[in-house]
Every structure is written in C-alpha cells, then in structure tokens.
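Beneath this line is the structure, given in structure tokens, with notes to follow.
Throughout, protein chains are lettered first and strands after them, A, B, ... in sequence-line order, and every chain is numbered starting at 1.
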Number of protein chains: 2
Amino acid sequence: MATIKDVANLAGVAVSTASYALNNSPRVSQETKEKVLAAAKQLNYQPNGIARDLKLSKTNTIGLILSDLSGPFYSELIKGVQDITIANGYDLIAISSLGGKNSTAVKFLKEKRADGIIILAHNIDNNLIISAAREDMPIVLLDRPLKAKYVLNIQVDNEGGAYKAVEHLIALGHRKIAYLSGPNNSYDNLKRFAGYKKALEDSGIAFSNQWVYQGNFTKEGGYHAGKLMLLQNYIPEAIFAANDEMAIGVIEAFKEADILIGEDVALVGFDDIQLSEYVTPALTTVRQPMKEMGVIAAQQVFQALNGNFSTEAILLETKLIIRDSCGAKKVKL
Amino acid sequence: MATIKDVANLAGVAVSTASYALNNSPRVSQETKEKVLAAAKQLNYQPNGIARDLKLSKTNTIGLILSDLSGPFYSELIKGVQDITIANGYDLIAISSLGGKNSTAVKFLKEKRADGIIILAHNIDNNLIISAAREDMPIVLLDRPLKAKYVLNIQVDNEGGAYKAVEHLIALGHRKIAYLSGPNNSYDNLKRFAGYKKALEDSGIAFSNQWVYQGNFTKEGGYHAGKLMLLQNYIPEAIFAANDEMAIGVIEAFKEADILIGEDVALVGFDDIQLSEYVTPALTTVRQPMKEMGVIAAQQVFQALNGNFSTEAILLETKLIIRDSCGAKKVKL
DNA sequence: CTGCCTTATTGAAACGTTTCGAATTAATTT
DNA sequence: AAATTAATTCGAAACGTTTCAATAAGGCAG
C-alpha cells in the first residue's frame with residue numbers, strides 16, 4: 001500500500017508538501033498540487049485513516065453502543081442518530097456490548113475510539129462510563145440516569161407511560177391487573193413498575209406481590225409467564241407487560257389455551273415495536289419516541305463537543321397507542 | 001490522559017520496559033512488572049488503541065457493512081457474524097453504507113479501518129470493493145457475485161428459492177401468477193425473477209410482461225402495486241412477491257378492498273422476516289438461512305486472514321415456509 | 001545593491017504505541 | 001578468575017500522518 005511518502009517521492013517533493021497538497025492547502029502552488037495529485041492517482045494512494053486519527057487525536061466518529069445489535073427495537077433510534085451524525089459530517093458506527101468485559105463496546109470506551117458515544121445498553125457499567133467520559137468524548141446515556149462529568153442523560157418517561165397504560169386498564173373496569181416484569185436490574189423496568197403501582201394506588205386498588213410475573217423482557221419469558229398463569233389457574237382480568245416482546249409471548253401462550261385476549265383478558269405492552277401492530281390481536285401499547293430520542297441524543301453529543309454541556313436530564317413523553325388487545329374498542333361498540 | 005510515557009516515568013523505567021510489563025512479556029522481571037502495573041493503576045492509564053493499531057497495522061476488528069443499519073431483516077445475520085467474531089477474539093462493528101460517496105462504509109473500505117469486511121449493501125460499488133480488498137483485509141460479498149482477488153462470495157440460491165415458491169403456486173392450481181418486483185439493479189431481484197420465469201416455463205405457462213409489478217422491495221411499493229391491481233380491476237390468481245415487505249404491503253392493500261388473501265388470491269413472499277409469521281394471514285415465504293450466512297461469512301473472513309482463500313462461490317439453500325397466505329392449508333382440508 | 005516582504009518549500013517533531021538490537025548486570029561454567 | 005551465558009533493561013526506530021518553524025527564492029521599493 002502506497003503511503004504519502006511514496007507519493008512525495010514520486011512527485012519529487014517533501015512529504016510535508018505532499019500532505020499540504022493532498023489536503024488542498026493554499027500554501028502550496030497550483031503546479032505542485034497537480035504533480036502530487038497525479039502521483040497519488042498513479043500509486044492509487046489512500047490515506048491511512050488510523051495514522052491520521054492518531055496525529056489529530058480525533059476520529060470523526062460517533063459510536064452507538066447497543067446491548068444487542070440484532071434487536072428489532074432499535075431501528076428507529078438508529079435512524080434518528082444517523083440523520084444527525086451524517087448532517088454533521090461525522091461517521092456513525094454501531095457496536096454491540098455483548099461479550100462483557102472484553103466486548104467491543106468496552107474497548108471503544110476505554111480506548112477512546114470515537115469522539116462521542118451514545119449508550120443504550122444496560123450491561124455497561126456505570127463506573128466504566130464515568131471513567132471513560134471526557135471532554136473530548138462525551139457520553140449520552142439513554143437507559144438510566146447517571147450524574148457525572150461529560151455524561152448526558154436522556155430518558156423516556158417510563159413511569160408516566162406505565163401509569164397511562166394501567167390507568168387505561170382500570171378505566172376499562174379491571175381491578176386484578178398483573179405486572180409482567182423485566183429484569184430487576186433494569187432501570188426501565190423499575191420505573192415502569194413504579195408507574196404501575198402508582199396507578200393502582202391512585203385508584204385505591206391494593207397491590208399484591210402475587211400479581212407480579214417475571215418475563216425478562218423476552219418473548220420466551222412472556223410465554224412462560226403466560227403458561228404459569230394457566231397452570232396456576234389464575235387468569236387476571238388484565239395484564240400490563242413491561243415490554244411488547246413479553247406481551248407477544250403471552251399472546252402465544254394464551255392462544256394455545258384458547259383464551260381470547262381483548263375479550264377474556266386485557267393486555268397492554270410497552271415500546272410499540274414494529275411487530276405490535278401486526279400481531280393478532282393488535283397490541284395496545286405505550287409508544288416511546290425512539291427516533292426523536294436518537295435525534296436528541298446525537299444533537300446532545302455535538303453540542304457537548306462544542307462545549308455546551310446541558311446539565312439537566314431530558315425526559316421524553318410517551319403515548320398510549322390503543323389497539324385491540326386491551327378490549328377498549330369492543331367496549332365502545 | 002496518561003500515556004505509557006507517564007507510566008514509565010512514574011515507575012522509573014524506560015518506555016519500552018513499561019510496554020513489555022503492560023503486555024506481560026517474560027522479558028521483564030516480576031518486580032518491575034508490579035512497579036509498572038502499580039503506576040498504571042495510579043494514573044488510571046488506558047492504552048491508546050489507535051496508536052496501537054497504527055503500530056501493528058492491525059485493528060482486530062471486523063466490519064459489517066449494511067445498506068441500512070435499521071432494517072429488521074439483518075438481525076439473524078448479525079447474530080451469526082457476531083458469534084464467530086467473538087469466538088475468534090475479534091471486535092465487530094456495524095457500519096451503514098447510507099450517504100453514498102462519503103459514507104462511513106466507503107471510508108472504512110478505503111482507509112482499511114478493519115481487518116476484514118462483510119458486505120450486504122447493494123449501494124457499494126464493485127470497483128471500490130475490488131480496489132479495497134487486500135491480503136490483510138479480505139472482503140466477503142453477500143449480495144452479488146464478484147470475482148476478484150481477496151474477494152469472497154456467498155450467495156443465497158435466489159433463483160432456486162423463487163422457483164420453489166412459484167412451483168408451489170402452480171401446484172395449487174394457479175396459472176395467472178403475478179411477479180411483484182424489486183429494483184431492477186438488484187442482483188437478488190434479477191435472480192428471483194429468473195426463478196419465477198423458469199418455473200412458469202417448465203410448467204408450460206406463457207409469461208406475460210403485464211404480470212410484472214414494480215414494488216421496489218418496500219412495503220409502500222407493495223401497497224401501491226396492490227392498489228394498482230385493484231384499479232386496473234385485474235386480480236391475478238396468485239402473486240409471488242420478491243420480498244416479504246412488499247407482500248405485506250399487498251396484504252394491506254387487499255385487506256382494504258375486502259379481498260381475502262389465501263382464498264381469493266394466493267400470495268408468497270421471500271426472506272421470511274420476523275413479521276411474516278405474525279401478519280394476518282401468516283405469510284407463506286421463502287426462508288433465507290440468514291444466521292448461517294452470517295456464520296459462514298465470518299468464517300470465510302478468518303480463513304482468508306489465515307491465508308486460505310476459497311475461490312469458489314458458496315451457494316446457500318433456501319426453504320419454502322408454508323403458512324396461510326398461499327391457501328395451501330385450506331386446500332388440504 | 002541592500003533590505004524587506006511574499007510565496008513556496010522543506011525538515012523535523014509529534015501523536016502513543018511496539019519491538020529490535022544493543023547494553024548492562026547477574027549468574028553459571030570452566 | 002576469566003569466559004560464557006542468561007536475565008533485565010534500555011534507547012531508538014518505526015507505523016503514516018499533520019503542522020510548526022525555518023529556509024530559500026523571487027519581487028519590489030528605497
């Protein structure tokens with residue numbers, strides 16, 4: 001692979017002039033500029049970006065860390081982030097935090113391989129984030145609050161969203177409302193649980209622990225929780241699932257037992273993933289403004305890179321999307 | 001940020017010894033090793049990965065270039081690739097080819113920012129791929145054939161898959177079978193179209209150009225094509241859509257006109273995206289072994305990095321997944 | 001013709017690592 | 001005690017850029 005040195009040699013100039021010429025600096029004459037460009041072309045010269053990054057201590061790249069690159073849930077988020085990074089002339093790369101201690105994500109954080117980082121991955125440690133964030137590598141955290149220097153916070157109003165969902169179920173006349181829970185170490189899950197409890201409380205419904213089922217945010221988890229309800233022969237009047245994937249699992253489990261969701265039991269999810277609209281019955285759910293979140297996250301990164309660190313956490317509103325699984329439409333008829 | 005030089009100073013040793021110590025080389029005594037490690041800890045030293053990459057001319061990273069990071073279609077592929085890269089101790093980063101000439105993907109290719117590249121993105125130019133591929137950066141191409149040095153080919157048997165799908169429709173008694181087409185510059189689409197035509201031919205059905213509708217591989221495209229059929233008042237007996245997203249668009253269009261898919265008209269898609277199973281009626285489709293493709297692609301990269309360049313293109317088999325939209329299940333009853 | 005400003009070019013240092021070969025010291029063998 | 005070998009440590013070069021400060025060459029006014 002030809003280096004700038006080869007180009008300089010072929011063009012008969014110093015490497016510094018070659019560099020200036022290639023970067024179109026006004027310091028160099030038109031004549032030599034052409035000479036250098038010709039040489040570069042002849043040698044099929046491609047600058048070594050890594051050397052450049054090292055010299056400039058800048059990568060021109062924003063890293064987006066996700067807990068699992070393959071989740072369908074992130075599409076819109078990525079789109080939002082991408083729009084802004086492209087508009088700012090930066091590169092975006094997506095990184096998985098899969099693999100724990102020596103995941104690519106951890107390496108990226110430690111070794112400052114990007115100029116800014118956006119994280120939506122519960123399995124990245126707070127301490128790592130704190131020690132990795134620097135003035136020239138601000139970090140935007142999307143799934144939990146963390147007050148630290150060079151760390152920015154954006155959250156969805158999980159508690160409010162859950163409140164809306166459960167309030168809706170209560171308005172439909174349900175009292176025995178089960179909570180299908182995500183992992184307990186998930187901040188999102190905790191907040192949604194809080195919203196659920198608050199809604200019950202505000203309506204004077206006593207909360208009971210036996211209404212809580214663990215589903216781990218996965219479809220399988222939801223399926224098993226549904227099966228468990230059936231086995232225990234305890235079917236609640238309504239179920240609030242802390243995310244859509246689990247809700248879809250429940251639908252499958254109940255379908256196998258010929259229990260009609262939206263009639264025999266009401267169901268509401270959270271997230272509004274693409275599937276939710278297509279599943280039968282269509283899932284009533286709480287929509288998160290994922291694209292907006294991506295846009296704002298990226299904007300925050302660039303603002304921070306320009307020295308404006310907004311200190312206060314941003315809270316994004318959710319929206320209840322009423323479809324068929326909660327039975328509301330039938331009630332109205 | 002502390003550098004290795006600072007560490008060496010604090011530990012009172014030369015930079016080279018510090019380096020050896022940090023890399024746990026046997027050349028350095030236990031005693032100094034501890035001294036250096038202590039100094040590193042005290043300074044919160046983090047090695048600069050970019051400098052390391054430059055020195056070693058190696059990034060320990062595999063790049064996966066996708067035309068659109070946010071497509072739901074890639075989940076399984078990514079999973080497969082990820083499994084193998086992690087197993088080999090490499091990092092994986094996903095890159096979008098969005099943005100044309102100065103997309104991140106192009107930069108990655110030109111500047112050799114990864115040790116190997118996997119591409120599933122029709123908007124990356126053949127010439128770019130040819131000039132970017134090198135012994136120390138092999139490229140695996142997933143969506144089209146390209147014979148070039150250091151370029152490896154893996155394809156899905158698009159033609160065979162399409163053939164199976166159309167053959168199935170013919171076996172169900174249909175003769176007037178429409179083709180819902182993807183973009184004409186897509187190799188995948190061309191192959192699927194070829195399979196469609198061959199199946200017709202082999203059954204002695206004359207092909208007609210008016211059976212071809214353009215849907216551009218998008219749901220909207222499929223929707224409009226469906227609407228167009230309705231407007232023209234020409235409903236075929238069966239439709240073979242060159243991908244699932246278009247098929248789902250058709251379902252929506254026909255649903256609005258109260259035409260029953262699976263009864264009034266048979267429909268088969270291609271890809272078996274996650275949605276296909278959940279849509280109503282569930283979509284009969286041709287499944288691509290996406291995860292397997294990812295696994296094999298990654299394996300090929302590592303083999304190439306070890307000097308074994310398999311020259312022959314790999315062709316992966318597809319599988320017809322029969323669900324409700326083709327009406328086959330009803331026929332059997 | 002000297003001195004001074006422009007303009008164009010250059011050499012060298014720097015970014016933060018790794019690693020070769022040499023140098024120093026300690027240990028072992030003869 | 002001298003010579004060889006082994007164990008440590010070190011200095012310097014290298015990876016491929018960018019950019020500062022210095023130099024060289026013209027051009028022009030005095």
Side-chain angles (χ1 to χ4, degrees), chain A residues 1-37 39-40 43-61 107-108 110-115 134-137, chain B residues 1-37 39-40 43-61 107-108 110-115 134-137:
Chain A
M1 208 75 244
T3 76
I4 199 174
K5 213 169 155 184
D6 303 321
V7 174
N9 281 343
L10 181 59
V13 299
V15 312
S16 42
T17 12
S19 173
Y20 286 128
L22 290 168
N23 290 302
N24 203 21
S25 156
R27 295 179 62 153
V28 55
S29 75
Q30 190 58 35
E31 192 188 3
T32 50
K33 207 173 272 184
E34 280 163 12
K35 246 188 337 189
V36 172
L37 258 34
L43 294 174
N44 188 27
Y45 166 74
Q46 298 296 350
N48 180 320
I50 298 182
R52 185 164 208 274
D53 288 353
L54 174 61
K55 177 63 204 176
L56 300 182
S57 311
K58 184 169 188 299
T59 62
N60 217 254
T61 298
K107 186 169 140 185
F108 249 75
K110 283 191 177 165
E111 301 182 357
K112 189 186 173 334
R113 283 179 125 79
D115 294 342
R134 334 179 187 174
E135 185 170 7
D136 57 351
M137 187 173 82
Chain B
M1 208 74 247
T3 77
I4 199 174
K5 214 170 154 183
D6 303 321
V7 174
N9 281 343
L10 181 59
V13 300
V15 177
S16 42
T17 8
S19 174
Y20 286 128
L22 289 167
N23 290 302
N24 205 20
S25 156
R27 291 178 68 151
V28 58
S29 74
Q30 191 58 35
E31 191 187 5
T32 50
K33 208 174 271 183
E34 280 162 12
K35 247 190 334 191
V36 171
L37 258 35
L43 294 173
N44 187 26
Y45 167 74
Q46 298 296 351
N48 181 320
I50 297 182
R52 185 164 209 273
D53 288 352
L54 173 60
K55 177 62 205 183
L56 300 183
S57 311
K58 183 169 188 300
T59 62
N60 217 255
T61 299
K107 186 170 140 185
F108 249 74
K110 283 191 178 167
E111 301 183 358
K112 190 187 172 331
R113 283 177 126 75
D115 295 342
R134 335 178 187 174
E135 184 170 9
D136 57 351
M137 185 173 83

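- Using a 4.5 Å heavy-atom cutoff, the side chains of B:Val13 and B:Val36 are in contact.
- Side-chain proximity of B:Asn23 to the nucleotides C:dT17, C:dT18, C:dT9 is greatest for C:dT18.
- Under the 3.5 Å distance criterion, with hydrogens and angles disregarded, no donor-acceptor pair is assigned to the side chains of B:Thr59 and B:Asp53.
- Atom C1' of nucleotide D:dG16 and atom CZ of B:Arg113 are separated by 12 Å, given to the nearest angstrom.
- The interatomic distance linking A:Asn48 (CG) with D:dA14 (C1') rounds to 13 Å, in whole Å.
- Terminal axes of the helix from C:dC1-D:dG30 to C:dT30-D:dA1 (five pairs each, C1' rotation axis) are separated by 70°, to the nearest 10°.
- Between the CD atom of A:Gln46 and the C1' atom of D:dG16 there is a distance of 14 Å, rounded to whole Å.
- As a whole-Å value, the separation of A:Glu34 CD from C:dA8 P is 13 Å.
- Rounded to an integer number of Å, the gap from CE of A:Met1 to C1' of D:dC15 is 15 Å.
- Counted by atom type alone, A:Lys112 and B:Asn48 present zero donor-acceptor pairs between their side chains at under 3.5 Å.
- Between B:Glu31 atom CD and D:dT9 atom C1' there is a gap of 12 Å when expressed in whole angstrom units.
- Here the P atom of nucleotide D:dT19 and the CD1 atom of A:Ile4 are 11 Å apart, to the nearest Å.
- At least one side-chain heavy atom of A:Ile50 sits less than 4.5 Å from a side-chain heavy atom of B:Ile50.
- With contacts defined as side-chain heavy-atom distances shorter than 4.5 Å, the pair B:Leu22/B:Ile4 qualifies.
- Contact annotation: A:Tyr20 side-chain N/O to D:dT17 OP1/OP2 distance is not under 4.0 Å.
- Side chains of B:Ser16 and B:Ser19: no donor on one and acceptor on the other come within 3.5 Å.
- Of the two residues near DNA chain D, B:Val13 and A:Arg52, the one whose nearest nucleotide lies more 5' is B:Val13.
- Checking D:dT9, D:dC10, C:dA8 against every side-chain atom of B:Ser29, the shortest atom distance belongs to D:dT9.
- The OH atom of A:Tyr45 sits 9.5 Å away from the CG atom of A:Asp6 when rounded to the nearest 0.5 Å.
- Of the residues near DNA chain D, B:Lys55 and A:Ser19, the one whose nearest nucleotide (by heavy atom distance) lies more toward the 5' end is B:Lys55.
- A residue-by-residue look at A:Val15 and A:Lys35 shows that A:Lys35 has its nearest nucleotide of DNA chain C further toward the 5' end.
- If you check every strand for non-hydrogen atoms under 4.0 Å, A:Ala14 touches sugar and phosphate atoms only.
- Using a 4.0 Å heavy-atom criterion, one finds that B:Thr3 contacts the sugar-phosphate atoms exclusively.
- Out of D:dA21, C:dT18, D:dT19, the shortest distance to the side chain of A:Leu56 is found at D:dT19.
- OP1 or OP2 of D:dC10 lies within a sub-4.0 Å distance of a side-chain N or O belonging to B:Thr17.
- One can place CZ of B:Arg27 at 11 Å from C1' of C:dT18, the figure rounded to the nearest angstrom.
- Regarding contacts with the backbone of C:dA8, every side-chain N or O of A:Thr32 stays at 4.0 angstrom or more from both OP1 and OP2.
- With hydrogens and angles ignored, the 3.5 Å screen pairs no side-chain donor or acceptor of A:Asp115 with any backbone N or O of A:Met137.
- Of the candidates C:dT9, C:dA12, D:dC15, the closest approach to any side-chain atom of A:Ser16 belongs to C:dA12.
- Counting non-hydrogen atoms under 4.0 angstrom, A:Gln30 reaches nothing in the nucleic acid.
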